[in-house]
Amino acid sequence: MKETPLNTNSKLIPLSFTNTLTRKKEIFVPIIPGKISIYCCGVTVYDLCHLGHARSYIVWDVLRRYLLWLGYEVRFVQNFTDIDDKILNKAFKEGSTMQEVSSKNIAAFHKDMDALGILRPDSMPRATKCLDSIRDLISELQDKGVAYESHGDVYFSISSCSEYGKLSGRDLTTQQKNADGRIEKHEEERKRNVLDFALWKSAKPGEASFPSSWGPGRPGWHIECSAMVREELGETIDIHLGGSDLVFPHHENEIAQSEAANDKELAHFWLHNGMVNVKGQKMSKSIGNFKTIRSLLESGVSPMTLRMFVLQAHYRKPLDFTDESLLATSTGWKGLNSALNFGNIYSKLLEWNKMNFVQDELEDKLKNSKSRFVNSMNDDLNTSGALSVLFELSKPLRSLAKKLELNEQLDLNKLENFSLFSRWNLLVELASSIGLYNEDDATSTPLMANSLKEEQIEKAILERKVAKNNKDFQKADKIRDFLKTHDIELLDKKDGITHWRYEPRS
RNA sequence: GGCGGCAUGGCCAAGCGGUAAGGCAGAGGAUUGCAAAUCCUUUAUCCCCAGUUCGAAUCUGGGUGCCGCCUCCA
């Protein structure tokens, strides 16, 4: 474990998370000191991902980055469910195969997640590539007498599991009553108990299938995760992640299977993220109230805006999506981003390139900011609180940028220049720890889709300058409006200099 | 019906018993050919009722309203 960057001057609260298993905030201690194993439930690859998925994976990316920043060695595994009814249906509709549909959507998933700046997991197992371990696990459960075969299907028997319901806090007797009539008849007849769930499903005629000792079929949904966790990370892991809609039945069943097979606790911590809502209702494919990540990015919403949008709310709470709230975040992000870019623009002018950033020499004020940031993050990932520290850190930098822009005569000594230098470095470091700063982004020119070439823009600016000098403001404004239609915004600075920037919708 | 969660200014959102962070919007100011952008300043007693306490947005009890899960779902 590398040295942690936590040299602050005040007491820090210990890293803790709300554990769904106990419904309490608990201090986090890894099984092996310095190392953390994480399994995150991935997507079923039948379609493009929407903002709800983005929230989930952004939040867990922030968790992972933060743990790395704290100095932990993290192994992060996330699966692809590439065997599923919805994929089969899609393949049938499109006249293609399950493999084609899933490959296409896995590629799309990577494209979207990369665009959002989400670190790729250390491993991304696919159900179709783990069939041996899945079948082995099912056999083990059968051997232990907690699973039974029925008409080519294999079911897990929940009555064999005394702790069933411990994650979701359910009581079997009421569940049973409510499950009545909600299960397909043929399935109900095959089960000993309506709540028993499939480990292996026999193939219907003509359906894609995989061989097994129970006959051709495919694995049930929950079993793949149990098999993958064990294969990739071992019998007991530190943290298991997923959306709150997976608590029951998916994670409950996963626990039942894994713990029955291994006689060991599956995960010490279960963290679940809240849903993205639209007008108070969960964003989902079935309701049709969703926005794909793709369409949001293509409409000009920046990845960092989306990240900040997600981080403004606590990860467990529902997050309401509206165009207005996204726009508000976009404006906020621009402000923070200008402070993050400050050093890249002014370091030469302020002679920062001659200075050295040393954590230990932070003045008290900055150490306090750092403590507040760390304490917020340590307190069950209070990203909203952490963000407020970033905004506070950014304020003096933004003020200074304004002064420099106005060409005010500044005495570098009176400026508390070193303090500002440290402030900027701290801001960048803390923002980086949650993925809100990317040096490449900061220095590269923005991608201008459907816009003008730089020469055209410069030429238009020159024309406008001539018009302005001739007091022909009508023509000058016309040129400005024209550029605006191409998402180019003009910024008149002191001394007749005009800057421009690419500024899509939000 | 069962289980879980939430209710803080115009909007979003922290707060975890000691006198309400932050963002957006609004207002005023600086700047500007007009703008835009930017910078400065500024705006709340926390759903209702009853309790515990020297002290509660924060704890307890009772309401009211909203949401999620119980079927595939991040």
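Convention: sequence-line order gives letters A, B, ...; per-chain numbering from 1. Quantities reported herein were computed from a predicted structural model and do not represent experimental measurements.
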Please work out if [X] contacts a base, only the sugar-phosphate, or nothing of the nucleic acid, heavy-atom cut-off 4.0 Å.
{"X": "K395(A)", "answer": "sugar-phosphate"}
{"X": "K468(A)", "answer": "base"}
{"X": "V43(A)", "answer": "sugar-phosphate"}
{"X": "L387(A)", "answer": "nothing"}
{"X": "G169(A)", "answer": "sugar-phosphate"}
{"X": "F473(A)", "answer": "base"}
{"X": "V276(A)", "answer": "base"}

So does R480(A) reach the base of C34(B) with its side chain, donor to acceptor, closer than 3.5 Å?
yes

Quick check: any donor-acceptor pair below 3.5 Å linking the side-chain of K285(A) to the base of C72(B)?
no

Nearest-Å distance for atom pair CG/C1', residues L195(A) and U71(B)
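Spelled out: CG on L195(A) to C1' on U71(B) is 12 Å.
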
Looking only at atom [atom1], what distance separates [N] and [M], rounded to whole Å?
{"N": "U38(B)", "M": "A74(B)", "atom1": "P", "answer": "38 Å"}
{"N": "C46(B)", "M": "U58(B)", "atom1": "C1'", "answer": "10 Å"}
{"N": "A57(B)", "M": "C48(B)", "atom1": "C1'", "answer": "14 Å"}
{"N": "A44(B)", "M": "C70(B)", "atom1": "C1'", "answer": "39 Å"}
{"N": "U19(B)", "M": "A7(B)", "atom1": "C1'", "answer": "22 Å"}
{"N": "C54(B)", "M": "C59(B)", "atom1": "C1'", "answer": "16 Å"}
{"N": "G22(B)", "M": "G1(B)", "atom1": "C1'", "answer": "42 Å"}
{"N": "A30(B)", "M": "A35(B)", "atom1": "C1'", "answer": "16 Å"}

Taking pairing as Watson-Crick or G-U wobble with both contacts under 3.5 Å, can you name the mate of C39(B), or confirm there isn't one?
G29(B)

What's the closest nucleotide to the side chain of [X] if the choices are [options]?
{"X": "N382(A)", "options": "A25(B), G15(B), A37(B)", "result": "G15(B)"}
{"X": "E392(A)", "options": "A36(B), A21(B), C39(B)", "result": "A21(B)"}
{"X": "S384(A)", "options": "A13(B), G22(B), C39(B)", "result": "A13(B)"}
{"X": "Q281(A)", "options": "G68(B), C16(B), A13(B)", "result": "G68(B)"}
{"X": "F248(A)", "options": "C70(B), A14(B), G22(B)", "result": "C70(B)"}

Kindly state whether the ring of [X] and the ring of [Y] have centres lying under 6.0 angstrom apart.
{"X": "H251(A)", "Y": "H222(A)", "answer": "no"}
{"X": "F269(A)", "Y": "H240(A)", "answer": "no"}
{"X": "Y315(A)", "Y": "W60(A)", "answer": "yes"}

With the threshold set at under 4.0 Å for non-hydrogen atoms, list the residues of residues 109-122 of chain A touching RNA chain B in residue-number order.
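Going residue by residue through residues 109-122 of chain A, none turns out to have a heavy atom under 4.0 Å of RNA chain B.
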
R218(A) pairs by side-chain hydrogen bond (donor to acceptor under 3.5 Å, both in side chains) with which of T128(A), D85(A), D84(A)?
D85(A)

Take the angle between the ring planes of [X] and [Y] and call it parallel below 30°, perpendicular above 60°, tilted in between.
{"X": "Y164(A)", "Y": "F248(A)", "value": "perpendicular"}
{"X": "H110(A)", "Y": "F80(A)", "value": "perpendicular"}
{"X": "H53(A)", "Y": "Y57(A)", "value": "parallel"}

Taking OP1 and OP2 of A7(B), is either one under 4.0 Å from a side-chain nitrogen or oxygen of K317(A)?
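So the side-chain polar atoms of K317(A) do come within 4.0 Å of the phosphate oxygens OP1 or OP2 of A7(B), strictly under.
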
Is atom OH of Y346(A) surrounded by more than 12 heavy atoms (other residues, nucleotides or ligands) closer than 6.0 Å?
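Above 12, so yes.
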
